[in-house]
Amino acid sequence: MPRCSKWFRSIARVVGRYWQEIGKRTAIYWMCIVLGLGMVSCSQPTAQKDGSVAAIASESKARSKVQVEEVSPPEVFQKLSRQLDELDIYDPQLKIIGIEPDETLTDTTLSIRFQAKDFPVYKDPKLGLGPHLHVSLDDQPSQAVYDLSEAIAFKDLSPGSHTVRALAVRPWDESFKTAEASAQVTFHVFAPTQANRPDPALPLLNYNSPQGEYGAEPILLDYTVTVPEQSNAAKPVKKGVASPWKVRVNLNGQTFTTTESPIYLKGFKTGVNWLKLELLNSSDKPVSNAFSETVRLITLKPKGQDRLSQLLQGDLTAQEAERIINPRVSKRLTAQDIADREEALAAEAAAKRSRALLPAPEVPTPEAPAPEAIPPQTTAPERDGSSRPLSRPPIKDSKLVTPAPTRLPELPRSPSSVPSPRPIPTGEPVLPKPTLKEPILKEPALQTAPTVASETAPSSKAIPSKQSNGLTDGASLEKINPDKTNPEKTNPDKTNPDKAAGALWSKLKSRLSLDQGL
């Protein structure tokens, strides 16, 4: 037993030693495998994690910094600009009416108007665009003016100094770069202040575009710089012309410097954007003048349906948009305009027909004026014994129809019905007044005329009735002057009107005596 126990102990020691060696090696082996696997498994996620972080970082960096770039103007605007320059009606010269420079107001309301020479201001009724003015008060956003006949009112003005500025712009908001195409005036409400008073010895920045809401890119960046009059530099800053003044543009945190206007930009984000313009001198230092810094908010809503967005997107051609630069084309009727007009005329005609079917209201008709009574013609004996009807003024109204003469009943012949011969003004010599004023009807021989008149009424040889208007009956005239062909027998002495009148009166009395004798 002792030998067995000793032998077992030796075997156990050998196995233990071997097992320890195998165990250590196995443990080391398995540890290496585990560590290797762990390193492999840990290394792969780390690489993937590092790659995703880099991608996210680059993407966030790209998003935080929108790449703003300058692009060429839209082709439709280039064509319209060339057509506009060829027209001889665009040379804007603006003037502000209603306020004088440095005028002091005693009210918080101002109403002004504008004059525009060689610049047609209108809005095309079909496209809703056209040449117009951009008018701004101080550094506030501008408002578009399409009608110069209407006044612009600024209400609730704060006390102090204020400045009104106006720019002549094209239908797509690009301003004209001439000195006369802009106007400004500074006034005071109750008292002047230093705010909102530009220094005429320093350049002035006039912000024009962009502002408001847009439905497509590129978006116009436009401004003008008014320089002092004593400066030799060009007053307006034109594109491609070197200027000693620069403008720093800051769009959503991205900045760049430019000396050109206008330019078109891409890189606006959808939604609200902010843009800041700052005027710099040749040393890149800000100019300390009024309105040298301006900030505007711009909202971008892609795929807009307004006319300007349609032009930017190419939905309207230059030929279709010619009406916004040429007032003659704008006033020209299109096929649709003609169709609309015909439809309106047809509707108006239908309305007239429907009104005609309704019973017409009774309207009292004015009575026609009675025709003017024609005075009876009277005759006056002439020097040769004949009679001539008195002239009557012609009827002026040609529409009045002269009633047909009616035969009046004969009146009983009496001395009172015999009209006295009266002369009329003619070119021939007129009988003397004493002879005309002789009361013929007061002769005693004529007092017995009523008794004889009843017996001789049917006689055609009687004295003319009232209808004959005096001595106009042919038979009576023949008896009074039997020899009408020889007027000298009736009035042998034409040079003596008194003798002629006496001879006529003698014949008339003898004729009356003969009638009475009958």
Side-chain angles (χ1 to χ4, degrees), residues 51-78 80-81 127-129 132 134 136 138-144 167 169-175 205-225 237 239 245-280 284 286 291-316 321 324:
S52 62
V53 169
I56 292 173
S58 62
E59 184 178 356
S60 62
K61 185 178 180 180
R63 289 181 179 177
S64 62
K65 185 177 181 181
V66 180
Q67 296 299 324
V68 179
E69 58 179 346
E70 180 183 355
V71 297
S72 300
E75 184 179 357
V76 62
F77 290 164
Q78 296 183 34
L80 291 175
S81 294
L127 299 182
L129 298 175
H132 57 284
H134 277 179
S136 61
D138 299 334
D139 201 23
Q140 300 176 8
S142 61
Q143 55 179 316
L167 294 175
V169 298
R170 293 172 171 84
W172 51 94
D173 294 340
E174 179 183 339
S175 62
L205 175 64
N206 297 311
Y207 186 104
N208 181 42
S209 177
Q211 64 176 9
E213 185 175 315
Y214 293 84
E217 289 185 309
I219 296 178
L220 172 68
L221 172 62
D222 184 77
Y223 61 89
T224 61
V225 177
V237 176
K239 189 172 183 178
W245 294 278
K246 305 175 184 178
V247 173
R248 180 186 293 159
V249 183
N250 190 340
L251 176 59
N252 297 328
Q254 300 181 67
T255 60
F256 62 92
T257 304
T258 182
T259 58
E260 297 180 349
S261 176
I263 59 177
Y264 284 85
L265 299 177
K266 270 188 175 182
F268 290 79
K269 64 180 182 180
T270 303
V272 179
N273 301 261
W274 61 272
L275 187 142
K276 177 183 178 181
L277 293 187
E278 187 177 6
L279 184 61
L280 307 176
D284 292 343
F291 320 130
S292 293
E293 290 182 337
T294 302
V295 181
R296 293 286 186 269
L297 294 180
I298 302 99
T299 303
L300 177 60
K301 295 182 179 180
K303 299 181 180 180
Q305 296 302 316
D306 58 287
R307 295 300 186 181
L308 185 59
S309 300
Q310 291 179 358
L311 286 172
L312 290 171
Q313 297 169 2
D315 298 338
L316 291 175
I324 67 176

*Stepwise, does the side-chain hydrogen bond (donor to acceptor under 3.5 Å, both in side chains) test hold for Ser175 with Asp222?*
CA-CA 7 Å; Ser175 62; Asp222 184 77; 2.7 Å; yes
*asked:* Using modelled atom types and a 3.5 Å cut-off, is there a donor and acceptor pairing between side-chain atoms of Glu70 and backbone atoms of Leu265?
replied: no
_Inter-residue atom distance Asp284.CG - Lys246.NZ, 0.5 Å rounding_ = 4.0 Å
_Is any side-chain heavy atom of Ile298 closer than 4.5 Å to one of Tyr214?_
yes
*Check the pair Asn250, Trp274 against side-chain contact (heavy atoms from CB on, under 4.5 Å), reporting the backbone distance first and the verdict last.*
CA-CA 8 Å; Asn250 190 340; Trp274 61 272; 3.4 Å; yes
*Least distance between heavy atoms, Pro171 atom then His132 atom*: O-CE1, 4.0 Å
*asked:* Which heavy atom of Leu300 sits nearest to which heavy atom of Pro302, and what is that distance?
replied: O-CD, 3.8 Å
*Using the six-membered ring of Phe256, assess whether NZ or CZ of Arg248 lies under 6.0 Å from its centre and within 45 degrees of the ring axis.*
no
_Please determine whether side-chain contact (heavy atoms from CB on, under 4.5 Å) holds for the pair Tyr223 and Val225, giving the CA-CA distance in whole Å, both sets of side-chain angles, and the decisive distance to 0.1 Å._
CA-CA 7 Å; Tyr223 61 89; Val225 177; 4.0 Å; yes
*Nearest 0.5 Å please: distance from the CG atom of Leu297 over to the CD atom of Glu213.*
12.5 Å
_Could you tell me if Thr224 and Asn206 have a donor-acceptor pair between their side chains, going purely by distance under 3.5 Å?_
yes
*Dump the intermediate steps for side-chain contact (heavy atoms from CB on, under 4.5 Å) on Asp139 and Val295, then the final yes or no.*
CA-CA 9 Å; Asp139 201 23; Val295 181; over 6 Å; no
*Evaluate the criterion side-chain hydrogen bond (donor to acceptor under 3.5 Å, both in side chains) for residue pair Gln211 and Ser142; output intermediate values, then yes/no.*
CA-CA 9 Å; Gln211 64 176 9; Ser142 61; 2.8 Å; yes
*Under the side-chain contact (heavy atoms from CB on, under 4.5 Å) rule, what do Leu279 and Trp245 come out as? Steps first, then yes or no, please.*
CA-CA 7 Å; Leu279 184 61; Trp245 294 278; 4.0 Å; yes
_Closest non-hydrogen atom pair, Leu316 against Val76_ = O-CG2, 4.1 Å
_Less than 4.5 Å apart, side chain to side chain, heavy atoms only: is that true for Val249 and Leu277?_
yes
*Any idea how Tyr264 and Phe77 line up, ring-wise: parallel (<30°), tilted (30 to 60°), or perpendicular (>60°)?*
tilted
_Could you check whether any side-chain N or O of Gln78 sits under 3.5 Å from a backbone N or O of Pro73, counting only pairs where one atom can act as donor and the other as acceptor?_
yes
*Can any side-chain N or O of Tyr207 pair as donor or acceptor with the backbone N or O of Pro141 at less than 3.5 Å?*
no
*For Glu75, does the CD atom sit with more than 12 other heavy atoms under 6.0 Å from it, leaving out its own atoms?*
no
*Hey, could you give me the CD/CG distance between Glu217 and Leu312, rounded to the nearest 0.5 Å?*
9.5 Å
*Rounded distance (nearest 0.5 Å) linking atom CG of Asp306 with atom NZ of Lys301*: 11.0 Å
_Side chains of Ser209 and Asp173, donor plus acceptor under 3.5 Å_ = no
*Can you see which heavy atom on Pro210 is nearest to which on Ile219, and at what distance?*
CB-CG2, 3.5 Å
*For Lys266 and Val71, which heavy atoms make the closest approach, and how far apart are they?*
CD-CG1, 4.1 Å
*Any chance you could measure Ser309, atom OG, to Asp315, atom CG, to the nearest 0.5 Å?*
9.0 Å
*Got a second to check how far Lys276's NZ is from Asn252's CG, nearest 0.5 Å?*
13.5 Å
